[in-house]
Amino acid sequence: LEAGGDASLSKPIRPKHLIAAVSNRVRRARAVQRRGVERDPRDPATGLFQRAHVLDHLSGLLASEDLRNRKGGLLFVDVDGLGALREKFGLSKLERLLVDVGGELVGRLGGGDIAARYSDGCYLVVSADRDDAALETLALSLRSALATRAFDVDRRPVRLRLSIGVCALRHGFSDAGAMINAPERPSPQARGNGPG
């Protein structure tokens with residue numbers, strides 16, 4: 001069991017018990033495998049996609065041949081002051097707040113946009129069809145909407161500070177990680193200025 005087994009059979013082993021134990025594990029393994037294949041990459045509660053799905057989608061966009069001429073881009077949404085929020089409310093209430101933020105974020109996106117939670121207080125939004133001006137407009141509208149919305153934590157309204165980095169696909173990054181770094185790096189400087 002310590003090595004990873006999930007059952008043991010004592011000797012002498014009756015053939016009937018051995019066949020039943022093996023058959024049960026085969027059925028369970030097949031069911032798990034089917035669930036993995038059929039699993040929707042989107043969280044039903046928030047509408048956020050799984051991080052791996054969004055990264056794969058971004059990688060696919062970056063692999064297109066006409067990358068330098070295409071529309072689309074990435075928004076890196078960063079919730080400021082997570083440490084203070086964790087101290088004030090505790091980890092479980094902070095997690096509930098971040099789930100609510102994710103749901104609100106998804107509710108404000110268009111049909112061609114997908115989003116995922118990237119890390120604790122960071123979200124990625126990949127838009128395949130917006131030009132540079134539309135990406136910036138989306139970033140400003142998301143920041144305004146999320147910053148002015150009062151999220152309920154312990155029956156208290158909480159307003160968040162956010163910064164959003166924007167990067168167009170046309171800049172031709174070689175991979176998703178490099179592209180994510182571009183809008184993430186200026187995030188600390190964006191926190192101090194008005195538009196964020």
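Hydrophobic clustering of Ile, Leu, Val, Met, Phe, Trp and Tyr side chains at less than 4.5 Å, counting indirect connections, unites I13 with V22. Taken together through direct or relayed side-chain contacts under 4.5 Å among Ile, Leu, Val, Met, Phe, Trp and Tyr, V99 and I114 form parts of separate hydrophobic clusters.
To the nearest 0.5 Å, atoms CG (L85) and CD (E87) are separated by 10.0 Å. Taking CZ from R14 and CD1 from I19, the interatomic distance works out to 12.5 Å, rounded to the nearest 0.5 Å. Note that CZ of R70 and CD of E65 are 11.5 Å apart. Values are rounded to the nearest 0.5 Å. Taken to the nearest 0.5 Å, the CZ atom of R30 stands 14.0 Å off from the CZ atom of R28. Within the model, atoms CG of L75 and CZ of R143 stand 13.0 Å from one another, a figure rounded to the nearest 0.5 Å. Note that CG of L61 and CG of D56 are 11.0 Å apart. Values are rounded to the nearest 0.5 Å.
Looking only at side-chain heavy atoms (C-beta outward), I180 and Y118 come within less than 4.5 Å of each other. Annotation: side chain of L124 is not in contact with side chain of L58 (no heavy-atom distance under 4.5 Å). Contact of the R130 side chain with the L138 side chain is registered, since non-hydrogen atoms from C-beta on lie closer than 4.5 Å. Taking the side chain as every heavy atom from C-beta outward, F76 and C167 never approach each other to under 4.5 Å. Contact of the F89 side chain with the V158 side chain is registered, since non-hydrogen atoms from C-beta on lie closer than 4.5 Å. In this structure the side chain of D78 never reaches within 4.5 angstrom of the side chain of I164, judged on heavy atoms. Within the 4.5 Å cutoff, the side chain of L91 has no heavy atoms near those of the E95 side chain. Counting heavy atoms from C-beta on, the side chains of S174 and L62 never come closer than 4.5 Å.
Across every non-hydrogen atom of V101 and L146, the tightest pair is O-CD2, 4.3 Å. Across all non-hydrogen atoms, the minimal contact from L98 to G121 is CD2-CA, 4.2 Å. Here the closest non-hydrogen pair linking G112 and D129 is CA-OD2, 4.3 Å. Taking both residues in full, the closest heavy atoms of M179 and P183 are given as O-CD, 2.7 Å, listed atom of the first, atom of the second, then distance. Across every non-hydrogen atom of L162 and A147, the tightest pair is CD1-N, 3.7 Å.
R51 contributes no side-chain N or O that, together with a main-chain N or O of A116, makes up a donor-acceptor pair within less than 3.5 Å. Put simply, the side chain of T46 gets close to the backbone of L48: a donor and an acceptor are under 3.5 Å apart. Although no hydrogens or angles enter the test, the distance criterion places no donor-acceptor pair under 3.5 Å between the side chain of N24 and the main chain of A21. Without hydrogens or angle criteria, S144 side chain to L140 main chain gives no donor-acceptor distance under 3.5 Å. Counting only distance, with no hydrogens or angles, the side chain of R42 and the backbone of Q50 share no donor-acceptor pair below 3.5 Å.
Applying the side-chain hydrogen bond (donor to acceptor under 3.5 Å, both in side chains) test to every pair with at least one member in residues 97-112, sequence neighbours left out, gives these pairs: R96-D100, E104-R108, E104-R149.
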Q: Might you work through the side-chain contact (heavy atoms from CB on, under 4.5 Å) test for V153 and K88, ending with a clear yes or no?
A: CA-CA 10 Å; V153 179; K88 186 173 183 176; over 6 Å; no
Q: Begin with the C-alpha distance, continue with both residues' side-chain angles, and end with the deciding distance and a verdict on side-chain contact (heavy atoms from CB on, under 4.5 Å) for L97 and D152.
A: CA-CA 8 Å; L97 171 64; D152 180 49; over 6 Å; no
**Q.** Full working for side-chain contact (heavy atoms from CB on, under 4.5 Å) between L169 and K71
**A.** CA-CA 7 Å; L169 288 169; K71 293 179 180 179; over 6 Å; no
**Q.** Worked verdict on R117 versus D43 for salt bridge (charged side-chain N to carboxylate O under 4.0 Å, His left out)
**A.** CA-CA 11 Å; R117 191 157 154 196; D43 182 321; over 6 Å; no
Q: Given side-chain contact (heavy atoms from CB on, under 4.5 Å), test F173 with N181 step by step and report yes or no.
A: CA-CA 10 Å; F173 288 93; N181 284 339; over 6 Å; no
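Using a cut-off of 4.0 Å between Lys/Arg side-chain N and Asp/Glu carboxylate O, R170 and D132 are scored as salt-bridged.
For F49, the ring pair (Phe, Tyr, Trp, His ring centres under 6.0 Å) partners at least two apart in sequence or on another chain are H53. Take D175 and apply the side chain to side chain contact (heavy atoms under 4.5 Å, CB included) test, not counting sequence neighbours, and it matches A178.
Each of V106, L105, L135 was evaluated against V125; a single residue qualifies, L105, per the side-chain contact (heavy atoms from CB on, under 4.5 Å) test.
For the pair R159 and F151, the cation-pi criterion (under 6.0 Å, within 45° of the ring axis) is not fulfilled.
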